[in-house]
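What follows is one structure encoded as structure tokens, with my remarks underneath.
Nothing fancy with the numbering, it's 1 onward along the sequence. Treat the numbers as computed from the prediction; the structure is a model and nothing was measured.
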Amino acid sequence: MRTLTRVSAAFLLLDVCDKQPLMGASILVDGERKPFISKGDGHYVFINLEPISHEYEISAPGFRPVKRNIPFPPGVLPFVLALHYDNGGEKIKSMPYFKFVLRAKGKLLKNTRFSLTMESSVPSLRVIENAEKGASFLKISSSFQRSMLYQEYICSKDGRELMIMGYNWESGMYELQKPLEEAVQQGSLLKPRWNLETDEAGVVVLPVIGSFIQKEEIEFSARLDKKEQKIILGPSGPGCEMAKVDF
């Protein structure tokens, strides 16, 4: 019997706004530098790793560093990570954004991960054709924008997670990261969701990207562990008022 002694891991690193690939990133594996292959298109591939869980520390100039614990076996490859801008950096100053500060029982939640879902129907995507179980493509009522790619969505019908990976120009359908485990009904809304992390001041900034920009109020749902808070914000813009989220 052969025993698996080494494994590989792969990342696709992207700019959170335009989903362009990030080059020049630094990645530590369990706090150490390991050799990797950079393909020049945002892909970073590690080979010859021990077959155990590993912690990856990922950083790139102008972006907030992230840590990810990848279990063994790793599952679907590559891991897609859209890196967010430094809260006080130059990139964020010239674009519309939303700013949030998190608290719990009056204390700031520093370096805390949480999810943020856009609940408003106007900026959400609508499925316009039924998709059967096992399908890898969806027909969506939206013209193609690159900012929609590699974005996580929550299906309004059942709360499942979906990620759009590509677009087929001939069929006008969007490619999913993995085949559907259950059918998706026509009329279902796909609500964009982001996994965010606050800084040392308990603050996180979310750029408003592509098809999600609008001039009306937007409702968000912030979720931390099993706690959830609803937030209604006005139109976004540079220097916008900070939204306070109390769990």
Side-chain angles (χ1 to χ4, degrees), residues 14-19 64 66 68 76 79-85 87 92 95-104 109 111-128 131 138 140-142 145-165 174 176-178 180-182 184-185 187-199 202-237 240-247:
L14 304 164
D15 184 305
V16 70
C17 280
D18 57 20
K19 304 300 170 61
R64 296 195 63 199
V66 297
R68 288 293 183 271
V76 178
F79 299 104
V80 180
L81 289 177
L83 271 61
H84 289 260
Y85 301 142
N87 289 353
I92 199 68
M95 63 181 61
Y97 60 84
F98 293 109
K99 183 184 291 186
F100 303 86
V101 59
L102 269 63
R103 295 189 178 95
L109 294 177
N111 302 316
T112 300
R113 294 181 187 177
F114 72 106
S115 68
L116 192 69
T117 304
M118 190 177 285
E119 299 287 351
S120 299
S121 61
V122 174
S124 298
L125 308 179
R126 187 176 296 277
V127 178
I128 57 176
L138 282 179
I140 299 173
S141 62
S142 176
Q145 295 187 49
R146 187 173 179 83
S147 60
M148 297 167 56
L149 299 183
Y150 311 105
Q151 174 66 45
E152 186 175 288
Y153 295 89
I154 303 298
C155 184
S156 63
K157 296 291 186 181
D158 52 23
R160 86 181 77 173
E161 300 175 5
L162 302 173
M163 181 177 285
I164 294 176
M165 301 291 286
Y174 290 86
L176 301 175
Q177 183 182 40
K178 54 185 178 180
L180 295 173
E181 296 180 358
E182 298 293 338
V184 172
Q185 299 177 6
S188 298
L189 287 178
L190 302 183
K191 302 180 292 185
R193 184 173 78 172
W194 297 267
N195 295 305
L196 305 172
E197 184 175 348
T198 59
D199 61 14
V203 174
V204 67
V205 171
L206 176 67
V208 181
I209 57 179
S211 57
F212 307 135
I213 295 177
Q214 68 177 72
K215 298 180 180 180
E216 302 172 0
E217 289 184 335
I218 298 179
E219 180 180 357
F220 290 93
S221 173
R223 188 173 182 84
L224 176 64
D225 298 326
K226 295 183 179 180
K227 298 178 181 179
E228 190 170 9
Q229 291 289 343
K230 300 292 185 181
I231 313 154
I232 298 179
L233 299 176
S236 58
C240 64
E241 183 178 355
M242 186 180 300
K244 299 177 181 178
V245 186
D246 293 298
F247 287 99

CG (Leu102) and CZ (Arg113) are apart, to the nearest 0.5 Å, by 14.5 Å
What pairs with Asp225 under side-chain hydrogen bond (donor to acceptor under 3.5 Å, both in side chains), at least two apart in sequence or on another chain?
none
Would a distance-only check, ignoring hydrogens and angles, find a side-chain to backbone donor-acceptor pair under 3.5 Å from Ser115 to Asn195?
no
If we only count heavy atoms from C-beta on, is the Leu125 to Leu138 side-chain gap below 4.5 Å?
no
Taking Arg126's backbone N and O only, do any of them form a donor-acceptor pair with Ser141's side chain (distance below 3.5 Å, no angle check)?
yes
Answer with yes or no after comparing the ring centroid distance for Phe220 and Phe100 against a 6.0 Å cut-off, counting only values under it.
yes
Check whether any side-chain heavy atom of Arg64 lies under 4.5 Å from a side-chain heavy atom of Asn87, and answer yes or no.
yes
Ring centroids only, cut at 6.0 angstrom: are Tyr85 and Tyr97 within range, meaning strictly under it?
no
For the side chain of Glu219 and the backbone of Lys230, is there at least one donor-acceptor N/O pair under 3.5 Å apart?
no
Supply the atom-to-atom distance Ile218 CD1 to Ile231 CD1, rounded to the nearest 0.5 angstrom.
12.0 Å
Which pair of non-hydrogen atoms, one from Leu190 and one from Tyr153, has the smallest distance, and what is that distance?
O-CD2, 3.7 Å
List the atom of Val245, the atom of Gln229, and the distance in Å for their closest heavy-atom pair.
CG1-CB, 4.0 Å
Considering all heavy atoms, the nearest Ser124-Pro192 contact:
OG-CD, 4.2 Å
In Å and rounded to the nearest 0.5 Å, what is the NZ to CD distance from Lys178 to Glu161?
8.0 Å
Taking every non-hydrogen atom, the tightest pair across Cys17 and Ser147:
O-CB, 3.5 Å
Hits for side chain to side chain contact (heavy atoms under 4.5 Å, CB included) against Leu81, two or more places apart or cross-chain, chain-then-number order -> Phe11, Leu13, Ile58, Val66, Arg68, Leu83
Any side-chain heavy atom of Ile164 sitting closer than 4.5 Å to one from Gln151?
no
For a 4.5 angstrom cut-off between non-hydrogen side-chain atoms, does Gln185 reach Val127?
no
Identify the two heavy atoms, one from Ser188 and one from Lys157, that lie closest to each other, and give their separation to 0.1 Å.
OG-CG, 2.9 Å
Val16 and Ala82 have their tightest heavy-atom pair at CA-CB, 3.9 Å
Rounded to the nearest 0.5 Å, what's the gap from CG on Leu109 to CZ on Phe247? Could you check?
7.5 Å
Interatomic distance, Arg193 atom CZ to Met118 atom CE [nearest 0.5 angstrom]
14.0 Å
N/O donor-acceptor pair under 3.5 Å between Arg146 side chain and Lys19 backbone:
yes
Option passing side-chain contact (heavy atoms from CB on, under 4.5 Å) with Val204 (candidates Leu116, Val101, Thr112, Leu196):
Leu196
Using the test salt bridge (Lys or Arg N to Asp or Glu O under 4.0 Å), find all partners of Arg160 that sit at least two apart in sequence or belong to another chain.
Asp158
One pair to check against side chain to side chain contact (heavy atoms under 4.5 Å, CB included): His84 and Leu206. What are the steps and the verdict?
CA-CA 8 Å; His84 289 260; Leu206 176 67; 4.0 Å; yes
Enter the distance from Cys155:SG to Lys191:NZ here, rounded to the nearest 0.5 Å.
9.0 Å
